[in-house]
Amino acid sequence: MKKVLFATTALVASAGIASAQGVSISGWAEMGIVGGSVYGDEVQFWTDVDIEFRMSGETDNGLTFGAGVDLDENTAFSGTTQGGEFIFISGAFGTLTMGDTDGAFDWALTEVGMGASIDDAHTSHWGYSGNSSFDGFGGKDGQVARYDYSFGDFAFAVSAELDDTGTYDPTLAIGAKYSTSFGSVDLGFGLAYVTSEDVNGTAEGIGGSVDVTFAGGFMAVVNYTSIDGLFYNPGGVGAREVDSHMAIGLGYTTGAISVSANYGVFTGVAADSDAMGYGLQAGYDLGGGAEIQFGYGYSEDQLTDTTADQFSLGVAMSF
């Protein structure tokens, strides 16, 4: 799942309409235009609406519990309704979350994509991972159980995603992260391991990330994963086994303006089988929960000598 790293572009905000004690409703909407080869080289209208329901409570002995439901309507794809749900319980022992939530691998590592674009153009290129390459691995249904615990600046998590058919081994992951500061510089470190199985056999990954936030609005993220046994098919044009993934992201915020860029590459095991791409993003915060957003993504596949691109421009609104 994607994490927006700039506060000025976190449009799925905590602001919402409280309909009852422990229950809240919030959401966001997007409108604009999209284009590029991903959209058949035709400029199209884009609209997207997401409604989020959040519920929480507390037991007599101090345990907190809650749930959330996401309803997403995206008319750019024939009105397809998508959504997800999660449920959690938390206390001094830590937090147990089940449902549509990050596995420990994704949870521990910081993504290089910063800011937002209405159709995620800047993070949809073939070199972007989002640390989610093992999500739904082996045809699993994305229902994850994750336990996490934090103490001071440290936190760790373990997770499992089962194959409901019993055909393949579950996806198991463990991750840890640490944050600290040196003067005006904030540092974050993540380390994680994941293993899973599908029709191609067992696959595993060891990943790490470092994120740095400087005074003055600058931010940088580096992300690397060593991969064994994972097959990747960017854009559906050609599957290949990959050896590693590397990505870097840079961003800057000043006042209402945010800009960012990211680059990533999946290195193939075979020669001339890399898949790579880069993304660009810009946003202008209009205040009150509205923001003008621009995004661009470019992709390139060495195995099939194929390229693709997409762009978007529009307004995102949070409620």
Side-chain angles (χ1 to χ4, degrees), residues 1-6 9-12 28 30-50 70 72-78 80 82 84 100 102 106 109-136 142 221 223 225 230 232-240 242 245-251 258-266 274-283 291-304 306-316:
M1 292 185 180
K2 293 179 84 173
K3 293 178 286 184
V4 178
L5 299 176
F6 287 155
T9 59
L11 293 176
V12 185
W28 52 263
E30 299 172 341
M31 59 182 292
I33 57 172
V34 296
S37 64
V38 171
Y39 297 101
D41 288 318
E42 296 291 338
V43 175
Q44 304 178 24
F45 291 131
W46 172 279
T47 60
D48 194 8
V49 176
D50 186 284
D70 248 350
D72 184 16
E73 179 71 18
N74 187 332
T75 59
F77 294 97
S78 304
T80 301
Q82 299 175 331
D100 182 13
D102 291 343
D106 195 354
L109 305 182
T110 301
E111 297 183 25
V112 301
M114 307 177 199
S117 54
I118 59 172
D119 67 336
D120 298 327
H122 68 303
T123 57
S124 297
H125 58 78
W126 298 341
Y128 196 82
S129 147
N131 309 315
S132 57
S133 300
F134 287 84
D135 291 355
V221 181
N223 195 305
T225 302
L230 177 70
Y232 179 49
N233 190 4
V237 297
R240 82 296 312 269
V242 295
H245 177 262
M246 184 281 294
I248 184 171
L250 301 172
S258 67
V259 293
S260 68
N262 70 82
Y263 169 83
V265 54
F266 284 92
D274 296 354
M276 64 198 70
Y278 66 86
L280 305 173
Q281 172 273 337
E291 183 183 62
I292 299 173
Q293 296 179 351
F294 166 79
Y296 176 78
Y298 174 83
S299 302
E300 183 176 321
D301 179 27
Q302 290 184 343
L303 181 66
T304 60
T306 305
T307 63
D309 69 343
Q310 67 185 96
F311 70 86
S312 62
L313 176 65
V315 179

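One is the number of the first residue; the rest follow in order along the sequence.
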Would you say Asp119 and Tyr39 are linked by a side-chain donor-acceptor pair, where the criterion is simply a distance under 3.5 Å? yes

Non-hydrogen side-chain atoms of Tyr263 and Met276 separated by less than 4.5 Å: yes

Has the side chain of Ser260 got a donor or acceptor atom that lies under 3.5 Å from a matching backbone atom of Met114? yes

Donor-acceptor contact below 3.5 Å, side chain Asn262 vs main chain His122: yes

Beyond-backbone contact of Tyr296 with Ser117, side-chain heavy atoms, under 4.5 angstrom: no

For Thr47 and Met31, indicate whether the former's side chain and the latter's backbone hold a donor-acceptor pair under 3.5 Å. no

Looking at every heavy atom in both Leu280 and Ala261, which two are closest together, and how far apart are they? CD2-CB, 3.7 Å

Phe311 side chain reached by Val43 side chain, heavy atoms, under 4.5 Å: yes

Considering only heavy atoms from C-beta outward, does the side chain of Phe45 approach that of Ile33 to under 4.5 Å? yes

Within-4.5 Å side-chain heavy-atom neighbours: Ser258 and Gln281: yes

Between Arg240 (side chain) and Tyr232 (backbone), is there a donor-acceptor pair under 3.5 Å? yes

Tell me if a side-chain donor or acceptor on Asp100 pairs with a main-chain N or O of Gly142 at a distance below 3.5 Å. no

If every non-hydrogen atom of Gly264 is compared with every non-hydrogen atom of His245, which pair is closest and at what distance? CA-NE2, 4.3 Å

Nearest heavy-atom pair of Ala239 and Leu303: which atoms, and what distance? O-CD2, 3.8 Å

Measure from the side-chain N and O atoms of Asp301 to the backbone N and O of Ala275, and report whether any donor-acceptor pair falls under 3.5 Å. no

Atom of Ala282, atom of Val259 and distance for their closest heavy-atom approach: CB-CG1, 4.1 Å

Of all heavy-atom pairs between Val38 and Ala308, which one has the smallest distance, and what is that distance? CG2-CB, 4.4 Å

Min side-chain heavy-atom separation Trp28-Asp48 under 4.5 Å: yes

